[in-house]
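Just so you know, ligand 1 is whichever comes first in the structure, and atom 1 is the first atom listed for that ligand. The residues of the chain are indexed from 1 along the displayed sequence.
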Amino acid sequence: MYCLARINSRRSFYIFILCTTMVTVTWFHQGPWFQNVYLYMQSNTELASSTSGENTAILRALHPIMTSLNWTRNRKSIGALKIKEHTEALKPCLSSSEIPKVRIDPRKNKTTLARVNAEIFGSMVRKVRHAAGTANKSLPSILMKRRSIQKAASSIDQTISKMNLAVDVDDYRVLPGGHWIPLSCRPLWKVAIVVGFRNRFQHLPIFLRHIVPLLKRQKLEFSIFISEQRNNLLFNKAMVMNIGFIEAMEFNDFDCVVFHDVDHLAMNVRNYYGCENMPKHFESGEPKWNWKLPYQELFGGAVGVTTSQFVEINGFPNVYWGWGGEDDDFYNRVVANGFKPSRPEGEIGYFDTIEHNSKDSSRLNIAKFCLQKQCAERMSTDGLSNLKYEPPTIELHPLYTNISVNIQRLPWNPKWKRCDTLDTMYSL
Ligand code: BGC
């Protein structure tokens with residue numbers, strides 16, 4: 001009605017067109033059961049024109065880190081939150097070259113979330129746990145508001161911060177769901193760590209015990225999202241990471257996203273998780289490969305992109321069910337979009353991994369070779385652009401946010417060549 005009432009001037013006409021478009025777009029994308037992904041998406045045609053389509057040209061070696069981005073970048077506001085006592089007088093936080101050289105020997109012995117919470121939050125642990133519990137009670141209504149047609153303007157973190165549930169720990173302010181904001185300096189980057197996850201509950205506390213202190217030493221603003229597949233279909237890590245990305249952006253306006261395996265532990269504090277030299281593969285070697293990589297184009301374990309790069313690349317492919325291949329496909333997308341991925345050299349990029357018995361690892365993806373051969377034809381049409389999923393269950397924990405989702409196979413686009421093995425391989 002508001003749009004119609006104002007149609008009597010030229011300026012109003014444009015407002016009318018804008019309003020109508022917004023209402024139409026919103027209307028078309030509200031499905032009763034599925035969450036359609038339409039935020040920030042380019043149209044498929046735009047994406048198609050930005051990819052070269054030359055599959056042969058895409059396999060190139062990774063570049064060691066060389067170029068540095070603009071260091072002088074300062075945040076105008078601290079995170080999504082305006083922390084009152086912050087002033088422009090605060091110095092920017094550490095750049096990667098200022099991080100002290102520290103090699104960490106990861107502790108891989110078993111632990112529990114309760115112990116890790118106590119270790120990381122110290123005397124504030126009760127307060128932080130209580131804050132997470134309180135925030136969880138309000139979360140369903142916050143989510144409903146954000147998912148409703150009149151999308152709430154404030155992010156989830158902003159809404160939660162207004163509830164006075166942040167707790168100061170060391171020189172950080174921590175929001176329920178594990179969003180850490182430095183208090184003594186202006187953070188250079190706001191990083192979402194997204195972990196594609198299923199059935200690795202024994203690894204989670206070990207991972208958190210390791211990564212949280214590392215990111216704090218790098219003086220980053222960060223948040224950890226555990227994006228969990230909740231069903232018995234084969235593990236589709238790529239799809240749950242796409243979902244983790246979309247959901248993370250509901251929480252805050254992250255600059256960069258690091259997609260991380262839960263069993264990978266960076267061994268050097270200088271392996272910087274800020275948005276430098278992105279897209280970036282963080283690993284140069286691990287013990288099982290004699291501190292090397294099996295092949296130069298490897299792009300799994302821990303990879304980072306800026307938020308806009310991830311959207312431009314159209315995210316991960318959604319068609320990889322079972323272990324392997326999705327990261328190789330993602331690498332091809334990165335290169336096909338004209339990006340030169342980087343990687344730290346030598347010790348800085350060493351990772352240790354947590355052992356697990358092969359029984360609990362996912363079944364091999366038998367279609368991966370076939371899918372990889374045809375990756376170019378799906379780049380612009382399979383990924384963030386066709387992602388649909390049931391609204392996930394979201395839970396805020398002291399150290400992380402859990403996004404649990406019952407993903408399903410997405411419709412096969414008739415323009416993509418089929419891989420024969422695919423039909424038989426979705427369930428365990
Ligand atoms: C798989 C990748 C995996 C790599 C290293 C390749 O064969 O396709 O998904 O990251 O091996 O384990």
State whether the shortest distance between N or O atoms of Asp327 and N or O atoms of ligand 1 falls below 3.5 angstrom.
yes
Say whether, by atom type as modelled, one donor and one acceptor occur between the side chain of Asn314 and the main chain of Ser380 under 3.5 angstrom.
yes
Before signing off on this row, confirm whether Glu326 and ligand 1 have an N or O atom pair separated by under 3.5 Å.
no
Nearest protein heavy atom with distance in Å, relative to atom 7 (O) of ligand 1:
Lys368 NZ, 2.9 Å
Can we say Asp329 and Arg378 salt-bridge, meaning some charged N sits less than 4.0 Å from an Asp/Glu carboxylate O?
yes
Heavy-atom contact under 4.0 Å between Gly324 and ligand 1?
yes
closest protein heavy atom to atom 6 (C) of ligand 1 is Tyr295 OH, 3.4 Å
Does the plane of the ring in Phe299 sit parallel, tilted or perpendicular to the ring in His281? Use 30° and 60° as the thresholds.
tilted
Salt-bridge present (Lys237, Asp327; N to O < 4.0 Å):
no
Name the one of Phe197, Tyr400, Phe207 that satisfies ring pair (Phe, Tyr, Trp, His ring centres under 6.0 Å) with His260?
Phe207
Checking a contact table here: which protein heavy atom is nearest atom 5 (C) of ligand 1, and how many Å away?
Leu298 CD1, 3.5 Å
Does ligand 1 come near enough to Gly325 that some N or O of the ligand is less than 3.5 Å from an N or O of the residue?
yes
Parallel, tilted or perpendicular for Phe259 and Phe245, by the 30°/60° rule?
tilted
